[in-house]
Amino acid sequence: MEDNDPVSVSSTPPPQPRRAFRLRWDVFLSFTSEEDTRHGTFTAYLYSSLQNHGVRVFRHDNALDRDDVVVEAMEDSAASIVIMSPNYVSSQWCLEKLSKLCECQRLLVLPVFYRVDPEDVRRQRGALEEHFRNHEERFGKDKVMRWRRAMEKAGETPGWVFNDSEEAQLVQALVTRVFIELSNTPVGVAAYTVGLDSHIEKLMRLLDVKNNGLQVLGFHGMGGVGKTTLAKALYGSLVGHFRYRSFISNVRETSAQDNGLVSLQNQLINNISPGKVSPIREVNAGITTIKEMVNEKQVLVVLDDVDNISQLNALIGNREWFYKGSQIIITTRDREVLSKHLVNEFYEVRELDSSESLQLFSYHALKGEKPTGAFLNLSKQIVSLTGGLPLALEVFGSFLSDKRKPKEWEDALQKFKEIRPRYLQDVLMVSFNGLDEQEKCIFLDLACLFAEMRIKREDAIDILKGCGFNAGRAVTVLTAKSLIKFTEDNILWMHDQVRDMGRQIVRENSLVDPGMRTRLWDRDEIMTVLKDMKGTQCIEGIVLDFEKRNILKHPSGDKISWDNFRRKPNFTSAVTYLKERYKSYLEDRAEKEREVIICTKSFKNMVNLRLLQINNVNLEGEFKYLPVELKWLQWKGCPMKTLPSDFCPCKVVVLDLSESKIEHLWHSNNYKVLENLKVLNLRGCYNLTAIPDLSGHQALEKLDLERCRRLIKIHESIGSLSSLLQLILRHCSNLIELPSDVSGLKQLESLILSHCSKVKELPENIGSMKSLKVLLLDETSIEILPESIFHLTNLEMLSLNDCKLLKGLPQFIGKLCSLKELSLNNSALEEIPDSIGSLASLEELSLKCCRSLTRIPDSIGNLRSLTNFFINGTKIKELPRSIGSLSNLKHLLIGENYFLSKLPDSIGGLASIVELNIEGTSMTNLPDQIGALKVLKKLEIRKCESLISLPESIGSMLTLTTLIIFQANISELPESIGMLENLIVLRLDKCKQLYKLPSSIGKLKSLQCLLMEETAVTDLPESFGMLSSLMIIKMAKNPHVELLENSTKEKSKLIDFPTSFLNLSRLCEFNICAWQISGKIPDDFEKLSTLEILNLGHNHFCSLSSSLRGLSILKKLILSHCKELKTLPPLPSSLQEVNVSNCIALESFSDLSNLENLCDLNLTNCEKLVDIPGLECLESLRRLYMSGCNACSSVVKRRLAKAPLRNFCNISMPGSKIPDFFSQEEVRFKDFKNRQIKGVIIGVVFSVNHQISEDFRHPLHSAAIVDIEASILKLDFWLFKTSLHLMGVPKTNDNQIHLCQYPNCHPLVSSLKDGYKIQVTKRNPPFMKGVELKNWGIYLVFDGDDDYEGDKESLNQRQKSIPERLAKIFSDL
């Protein structure tokens, strides 16, 4: 079952109709009483185990239960466990119920194959076939065919295979799976969607993602009508087409916050180029950065809930910003925000019609598609009051979901009738008024204080429990009523209408004076109340978060200059040091002035304040004024080194001082005891050196010390905290000692010591932690586990990754009877004890990169619960035969081990395996038994260079969807491969001995992707053209082989273009580089009308068909190194990139003026080309590479003089002159206060001496020059360096000029600060010999350089724009 993605809302088929009301049963148990499964042990054991775990189970008996009772129970269950026994098929009653189960698309079916082969079930063979023949004689073929389909579907479903010896493990696995599935009920946004498919289908047609044009789509409609849900669903449908994308929620809300527009800009920038750009600090800088960034990339951007044109101006500006093919989606309640010069498609999101409204209401109220009986009429009346608003329907439905009597619905209907038509807040108030007083209080806390914090469920419950509330129950109630939701990662989410309703309730306490309200969340109102001392006893909660400024810091100038002075003490270095010290002083003072300071006396009158957040704030004054009723205090970024002596919030339950400058919580002579403290969060307090005595804090449940890197030891008192549940010490990199006695930690469930690299041992009595479930010891220096660890019988997860000193596990490891996950990746493990086979609950065992491990014990076969087993990167010489007993194993990863030469024949026993990955072994073949893996979906074999064949039995893997054979020595594929009817991906790259494909390959009707680069295949079977689903073909040969053959005069046989390719009408990407194709490309090439990428490079044809122009959505055409190609026909206008580099015979181009989308044109070494007609019309052109094009350079320069060069990034051509307005020495950057740097242009003149080096003859080295670098220096200290993007290596020794423009989102520009220098140098040592840097120059581009709109003829050369100056240079050359 797939998880529901809160961003990508998929519209699944609607649930089948079933009885009204919520699900009564968790599990429907299906079996036949004619087997001993009922009166024997297995079914009874399973039934009692499920019941003992609180699972509601319906156990039918085909002899006792009435048909209608069973059907009703089936439709009112969340899941069904079907026990497929040998005589299950003999019962027509069981088969009928199975077919109903399989038809119920909502119901999860979990099959157990009880002494039957899943393949027999799928194929209905063996004894099962006889039963079906008998049924056909009795009931007819039509009815039995329905049963057969149900059996086939059940057989294809991954389930559990039962053997007599594994009953307990199987029952435990089933119980665990049921729990996972029941807890996996979608609770994110839009768990139910009605009418969404039709909207998406219409919008996808409207947007047409294959079109090169920019699309800006505006959704408008009233609040609660479903704009966000629709935007998320559309984003989910489009996201696969875009590498660069961003979904920005709550634009209206975020922009209203302090520095909100800048925060939104940073989110957009980081989504599109994560980690590559320093955070911007003001809106204009953000506009410049976004403009430069999206101008270069096809992006998908969604801006949700826009309410002001300023938000659009700051984030997406105008259409000219964006690269062709980008898609922008905007949602708003106000259509006027959507300006017509920006938005080209408008879409009104309307209310649902009466039928859709009834369906959505029914899902939420009754968990069915349509109400029945007395509830139908009542439902229609209620629905009529909602105005078709999805949010109102959800809230009304959820309000009634626990009410089962018509009288209760009638009472609710009378309340609903008081609602003003289409007034959503009234709808929401009905749900609010239905809460009890405690639930109302919790709802208002969440809506006003926590809704925007991205707070986790457990953290919110901790805080609310601290206030004395029954928080768990209340949160469950609020979730059931759809007033709050939690995303997949358990983050609190509220619809903005629901949140605003809660906030309006609080505002109405006092519309004028915020100090008289119960909760404050608006920063301006809070600061007014605090500064004017207007706080009152009404205030219960305040959230004030001044975000920490994350500024990229380079090494300080005073440190660099001090180091320089120490190395070379002289007058100049001394003066430089003093100047830098003064600069640092000014910067520190400016930072101090930006601090937010609040007087503690402001809180004096807030005697009922229980919830307080004051992040990144400096408190001044006496701390005795902080209210004693405080239950939650979050003070991230606290600037104090220690808490003051008068700070004693004695009732505080949750204290969060994370990311603070705290060194000691309290002075040693000022020890405090917070008796009610349950959660202490000191995460990221880098200066914290010690933990005080916490023995008095006997209520403490969670202690978080992650990233307290100066912490050396933990106070002994922590070992006595009997209530502690979680102790987090991750990344305490200097921690050496743990408490020697931890016997008091009886309740501890989670101990996390990952990345505590100096911890060498665990306390000897760690076995006293009887409740411990999670123990993470990754990257510690532990050499041995203490003997007492076998007492940890509740331990479920043990992780010892990267423990470089751990060579073995204790023999008693097998006593950890609850262990589910054991991970020892990259450890020094040398052997595994036999007792590991006793870990009956183990589900995952990971031994990746245990380089010293040579053996897996036979007892591994006893791990009947194991589903994931990873052993790649070891020195294991053979797998034990017992591995075939792992009947529940689903994922097996082996390899990176040349010592492993074969798989055991028992591999066929892995009845549940869905993924098998083998890499880097010395295997020569696979056992025939591999064909018995009937549910395998992915088989991946990489770098097994000794593998010479595949078995015929591979054709039996009918569920296989992905087959990867990479870098093997196979010469052919078995004919049986044509039986893989579900195969979608076939990869055969670098199988260099593979010389033919089987004739049966045409039978792979599901095949979409065929990757077979660098094989020996040149002839294709006749059936190849029958691959009707094929979308991607990559069959390129190695061009370097061609060069070697030419040099030895052993040229490969030339071939004609294989016509079978032209039958593949769904192709999107086609690469047959270096296939030795000669002659002429066929005239009917337009048959491949869906092509987007075409690579015919390194072939020998002399001309292309004019039908190429018919490829109307072709975006990329690569014809490099086609050395006999003389002319190019007219090209499709959709092209964005054309590469004809090293086409040395190319003489002429057709007119390019129609290529309005062309961005990249590579003509390197087209030495006979005399002109490029239409070049001056290419307004989208960004990169033009013409190194070595001597014959046409003068004509092209004249055309470039007329060309629009505003968007250029790279231009190269023969030449020796750097533009005069460039500075031809290192440039010192000056930061102008009102003038923003926009970009940097670097020009270089270089040549390649081909007599010095042979490096450039290799195809990999002929693509670009990488030995010229640009650097940023601060006081001659190197800060940043990048290789210039000099595409194309000229074949001559002549000088070439290359101009590179870098936008301000590039680190070469964004890293610049006042006084920094930029210089250009040659790499030392060089990557390739022979490159000579002759000259270079730099020009800094600032805002306004290109913006003059007046009479440009009257301007002198230095006053003109950059493109105009460059054009003038080209015309003068």
Side-chain angles (χ1 to χ4, degrees), residues 6-7 187-189 248-260 263-264 266-267 304-305 441-467 469 471-472 474-475 478-479 483-503 506 517-527 539-548 550 596 609-617 630-638 652-660 678-684 702 704 706:
V7 173
V187 292
V189 183
I248 300 183
S249 305
N250 306 319
V251 172
R252 170 173 58 93
E253 172 191 317
T254 305
S255 65
Q257 299 171 4
D258 185 50
N259 229 16
S263 175
L264 291 168
N266 276 320
Q267 184 181 342
D304 184 39
D305 195 17
C441 187
I442 288 176
F443 171 76
L444 294 178
D445 283 346
L446 296 176
C448 298
L449 307 177
F450 298 111
E452 292 156 21
M453 274 189 199
R454 290 190 54 79
I455 191 171
K456 288 204 166 186
R457 186 180 193 275
E458 63 176 294
D459 296 333
I461 287 176
D462 284 340
I463 294 167
L464 296 168
K465 281 172 65 178
C467 296
F469 300 142
V475 165
L478 296 176
T479 304
L483 293 174
I484 64 172
K485 296 182 181 180
F486 291 93
T487 62
E488 276 186 347
D489 48 358
N490 257 340
I491 301 294
L492 173 70
W493 182 89
M494 296 182 80
H495 194 286
D496 57 358
Q497 293 272 11
V498 178
R499 180 205 62 209
D500 292 347
M501 180 264 291
R503 292 182 173 184
V506 171
R517 298 175 193 159
T518 58
R519 296 159 183 86
L520 298 177
W521 60 90
D522 183 271
R523 181 180 295 181
D524 292 337
E525 290 181 344
I526 293 170
M527 293 306 292
I539 300 175
E540 297 179 32
I542 293 176
V543 287
L544 184 62
D545 188 357
F546 286 89
E547 289 187 20
K548 189 176 180 181
N550 293 315
V596 179
L609 186 68
R610 54 190 173 83
L611 305 170
L612 176 61
Q613 178 196 65
I614 45 171
N615 291 345
N616 302 301
V617 163
L630 269 184
K631 305 297 193 305
W632 171 65
L633 174 60
Q634 187 182 76
W635 192 2
K636 293 183 179 182
C638 168
V652 74
V653 175
V654 179
L655 179 59
D656 183 352
L657 299 171
S658 54
E659 314 293 339
S660 297
K678 290 188 175 182
V679 180
L680 177 58
N681 187 351
L682 298 170
R683 177 179 297 211
K702 298 180 183 179
D704 191 343
E706 183 170 334

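Rounding to the nearest 0.5 angstrom, the gap separating the CD1 atom in Ile455 from the CG atom in Asn490 is 11.5 Å. Note: Lys636 NZ to Asn681 CG = 7.5 Å, rounded to the nearest 0.5 Å. Rounding to the nearest 0.5 Å gives a distance of 9.0 Å between CD1 of Ile539 and OG1 of Thr518. Here the OG-CG distance, from Ser660 to Leu682, works out to 8.0 Å after rounding to the nearest 0.5 Å. Atom CD1 of Ile542 is separated from atom CD1 of Ile526 by 6.0 Å, given to the nearest 0.5 angstrom. Interatomic distance, Leu444 CG to Phe450 CZ, rounded to the nearest 0.5 Å: 12.5 Å.
Trp632 has its side chain out of reach of Val653: every pair of non-hydrogen atoms, C-beta onward, lies at least 4.5 Å apart. Within the 4.5 Å cutoff, the side chain of Arg610 has heavy atoms near those of the Asp445 side chain. Considering only heavy atoms from C-beta on, Cys441 comes within 4.5 Å of Phe469 through its side chain. Proximity of Leu492 to Lys485: side-chain heavy atoms (C-beta onward) are nowhere separated by under 4.5 Å. Val596 places none of its side-chain heavy atoms less than 4.5 Å from the side chain of Ile614. In this structure the side chain of Gln634 never reaches within 4.5 angstrom of the side chain of Leu657, judged on heavy atoms. Inter-residue side-chain proximity for Gln613 and Asp545 is flagged as met; some heavy-atom pair is nearer than 4.5 Å. Under the 4.5 Å side-chain criterion, counting only non-hydrogen atoms from C-beta, Leu483 is in contact with Phe443.
Taking the side-chain contact (heavy atoms from CB on, under 4.5 Å) definition, one finds that Lys465 meets it with Ile461, Ala471, sequence neighbours left out. In this structure, Asp656 has no salt bridge (Lys or Arg N to Asp or Glu O under 4.0 Å) partners at least two apart in sequence or on a different chain. Remark: Asp304 engages Thr228, Phe247, Thr331 in a side-chain contact (heavy atoms from CB on, under 4.5 Å) (not counting sequence neighbours). The side-chain hydrogen bond (donor to acceptor under 3.5 Å, both in side chains) test applied to Arg499 returns Glu253, not counting sequence neighbours. Not a single salt bridge (Lys or Arg N to Asp or Glu O under 4.0 Å) links Arg457 to another residue, sequence neighbours left out. Applying the side-chain hydrogen bond (donor to acceptor under 3.5 Å, both in side chains) rule to Thr254 yields no partners; only residues at least two apart in sequence or on another chain are considered. For the salt bridge (Lys or Arg N to Asp or Glu O under 4.0 Å) test, residues two or more places apart in sequence or in another chain that qualify with Lys702 are Glu458, Asp462. Applying the side-chain hydrogen bond (donor to acceptor under 3.5 Å, both in side chains) test to Gln257 and every residue at least two apart in sequence or in another chain returns nothing. Listed by chain and number, the residues in a salt bridge (Lys or Arg N to Asp or Glu O under 4.0 Å) with Asp704 are Arg683 (sequence neighbours excluded). Residues satisfying the side-chain hydrogen bond (donor to acceptor under 3.5 Å, both in side chains) test with Arg523, not counting sequence neighbours, are Asp258. With sequence neighbours excluded, the residues satisfying side-chain contact (heavy atoms from CB on, under 4.5 Å) with Gln267 are Ile248, Leu264, Asn271. Partners of Trp521 by ring-ring contact (aromatic ring centres under 6.0 Å, His included), not counting sequence neighbours: none found.
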* Please step through side chain to side chain contact (heavy atoms under 4.5 Å, CB included) for the pair Leu446 and Leu464, ending with a clear verdict. => CA-CA 9 Å; Leu446 296 176; Leu464 296 168; 4.1 Å; yes
* Going through the checks in order, is the side chain to side chain contact (heavy atoms under 4.5 Å, CB included) test met by Asp305 and Asp496? -> CA-CA 10 Å; Asp305 195 17; Asp496 57 358; 3.2 Å; yes
* Step by step, would you call Leu655 with Val679 a side chain to side chain contact (heavy atoms under 4.5 Å, CB included)? -> CA-CA 6 Å; Leu655 179 59; Val679 180; over 6 Å; no
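The backbone N or O of Asn259 lies less than 3.5 Å from no partner atom in the side chain of Ser263, so there is not a single donor-acceptor pair. One N or O on the side chain of Asn616 and one on the backbone of Phe546 form a donor-acceptor pair closer than 3.5 Å.
Contact between Gly466 and Lys631 at its shortest, heavy atoms only, is O-CD, 3.5 Å. Considering all non-hydrogen atoms of both residues, Ala447 and Gly502 come closest at CB-CA, 4.2 Å. Nearest heavy-atom pair, Ile442 versus Ala474, reported as atom, atom and distance to 0.1 Å: CD1-CB, 3.4 Å. Residue Leu449 comes nearest to Val543 through the heavy atom pair O-CG1, 3.5 Å, listed as atom of the first residue, atom of the second, then distance.
A salt bridge does not link Arg517 to Asp522: none of the charged side-chain nitrogens sits closer than 4.0 Å to a carboxylate oxygen. A salt bridge is defined here as a Lys NZ or Arg NE, NH1 or NH2 lying under 4.0 Å from an Asp or Glu carboxylate O, and Arg503 with Glu452 meets this definition.
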